[in-house]
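Take a look at the structure set out below.
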2 protein chains.
Amino acid sequence: MTHIHNHSNCIQTALNNASQLCSQRGVQLTDIRKQVLELIWENHHAVKAYDLLERIKPLQAAAKPATIYRALDFLREQGFIHRVESLNAFIGCCDLKTAHEQLLLICKQCNDVEERHADLVMQALAQELRNAKFVAHSKSIEVHGLCENCSQTFNEEISA
Amino acid sequence: MTHIHNHSNCIQTALNNASQLCSQRGVQLTDIRKQVLELIWENHHAVKAYDLLERIKPLQAAAKPATIYRALDFLREQGFIHRVESLNAFIGCCDLKTAHEQLLLICKQCNDVEERHADLVMQALAQELRNAKFVAHSKSIEVHGLCENCSQTFNEEISA
DNA sequence: ATGGTGATTGTTACAATATAACATATCATG
DNA sequence: CATGATATGTTATATTGTAACAATCACCAT
């Protein structure tokens with residue numbers, strides 16, 4: 001994620017892609033699902049399920065935990081979002097086209113989550129799994145730390 | 001993890017190493033902490049905090065959630081256990097000597113968790129983090145699937 | 001030995017995350 | 001417009017994890 005970008009593009013792209021893929025797949029991007037996806041895309045932070053619940057209530061007065069978790073399940077099955085395991089939280093998937101296995105870089109400072117393909121990491125991992133004779137069904141690679149911007153800020157602060 | 005092994009060795013080694021490291025570090029491996037570590041090492045499955053709570057009650061009648069979570073915090077700080085993020089569960093660390101960043105292979109069938117060094121994966125990841133200019137504080141790599149034994153069993157079943 | 005200090009544990013209460021189960025409504029299609 | 005599948009409403013509860021403060025214990029200097 002570059003620090004400065006036109007985020008409304010991100011949202012629009014995500015919604016358009018999801019909409020199109022749902023049509024292709026014959027599944028329904030209902031109001032609730034779309035609203036949840038839109039709320040997740042409000043920024044590049046990982047979002048908690050109960051935060052989504054609070055934020056969807058103006059739109060869906062009847063919303064309950066199950067409302068959110070069902071929408072999240074759907075969006076995950078369709079590959080539109082990732083679950084950040086180490087945070088019990090969720091982020092929009094930036095890359096619906098290619099393989100849905102990515103590296104997540106989670107900044108402790110600004111809370112942004114950056115998604116990266118990291119082909120070489122995935123290749124090395126695939127080799128390691130062959131060595132281990134382990135048949136993988138799903139992979140999660142999550143790194144916590146400071147993103148480029150925040151580590152710069154940090155350095156400026158301590159040298160000031 | 002090989003399927004057949006003398007597990008009492010695993011437990012003894014883990015407890016001895018922990019004990020020795022605590023002495024070196026001037027921290028206390030109290031009864032509770034030792035008992036929790038021993039319970040975690042009862043097998044190579046990931047263990048849930050509240051399962052530990054039930055299982056420590058015969059030994060510590062007063063045990064409450066905080067009892068377990070405090071012990072888990074301590075054991076993690078000391079690097080004696082890993083938290084399996086994708087399971088909200090914990091396993092003993094098999095490798096106290098080298099870097100504490102490993103690949104966890106989690107079998108859906110038998111629930112065993114295998115820890116692997118995966119140097120090449122870590123190298124590729126380090127390179128990717130340099131590319132991203134991301135300063136890592138902690139890493140979690142978790143793969144769900146079938147271990148060697150269980151995938152063999154599975155193949156035998158479907159060919160039978 | 002003894003008293004002070006920080007570390008550890010006891011205890012109560014509660015917050016945060018997630019699911020089960022069943023009723024109702026909506027949709028897509030014949 | 002009837003029907004089955006999909007989606008949502010609703011209530012209740014299970015699971016996971018913390019906060020806050022009191023009591024106790026371990027260690028060290030005197």
Q | All side-chain contact (heavy atoms from CB on, under 4.5 Å) counterparts of A:Asn88, not counting sequence neighbours | A | A:Lys48, A:Arg83, B:Asn88

Tell me, please, which residues at least two apart from [X] pass side chain to side chain donor-acceptor pair (under 3.5 Å).
X	answer
B:Asn131	B:Gln127
B:Glu42	B:Arg55
B:Lys64	none
B:Ser140	none

Length of the [atom1]-[atom2] vector between [X] and [N], whole Å:
X	N	atom1	atom2	answer
A:Lys64	D:dA12	NZ	C1'	12 Å
B:Leu52	D:dT15	CG	P	15 Å
B:Glu54	D:dA14	CD	C1'	13 Å
A:Gln35	D:dA7	CD	P	16 Å
B:Ile32	D:dT24	CD1	P	15 Å
A:Gln28	D:dT6	CD	P	9 Å

Q: Enumerate the residue pairs fulfilling salt bridge (Lys or Arg N to Asp or Glu O under 4.0 Å) with a member in residues 124-135 of chain A, sequence neighbours excluded, ordered by first and then second residue.
A: A:Glu128-B:Arg116

Q. Under the salt bridge (Lys or Arg N to Asp or Glu O under 4.0 Å) rule, what pairs show up with a residue in residues 19-33 of chain B, not counting sequence neighbours?
A. none

(Q) Nearest 0.5 angstrom please: B:Leu37 CG to B:Phe90 CZ, how far? (A) 13.0 Å

Q: Could you grab the distance from atom CD1 of A:Ile11 to atom CG of A:Asn43, nearest 0.5 Å is fine?
A: 8.5 Å

Q: Using chain B heavy atoms and a threshold of under 4.0 Å, write down where along DNA chain C the contacts begin and end, 5' to 3'.
A: C:dA7 to C:dT12

Q | Between the first and last five pairs of the helix from C:dA1-D:dT30 to C:dG30-D:dC1, the angle of the axes, rounded to 10 degrees | A | 30°

Q. Does A:Leu120 sit in a hydrophobic cluster with other residues, and if so which ones, taking ILVMFWY side chains as linked at heavy-atom separations under 4.5 Å, directly or through other members?
A. none

With a 3.5 Å cut-off and sequence neighbours excluded, list the donor-acceptor pairs that the side chains of residues 13-20 of chain B form with protein atoms.
residue, atom, partner, partner atom, Å
B:Thr13, OG1, B:Asn9, O, 2.7
B:Asn16, ND2, B:Gln12, O, 3.3
B:Asn17, ND2, B:Thr13, O, 3.4

Short heteroatom pairs, N/O only, protein and nucleotides 16-19 of chain D, under 3.5 Å:
residue, atom, partner, partner atom, Å
D:dT16, OP1, B:Lys48, NZ, 2.7
D:dG17, OP1, B:Arg83, NH1, 2.7
D:dG17, OP1, B:Arg83, NH2, 2.9
D:dG17, OP2, B:Tyr69, OH, 2.9
D:dG17, O5', B:Tyr69, OH, 3.4
D:dG17, N7, B:Tyr50, OH, 2.6
D:dG17, O6, B:Tyr50, OH, 3.3

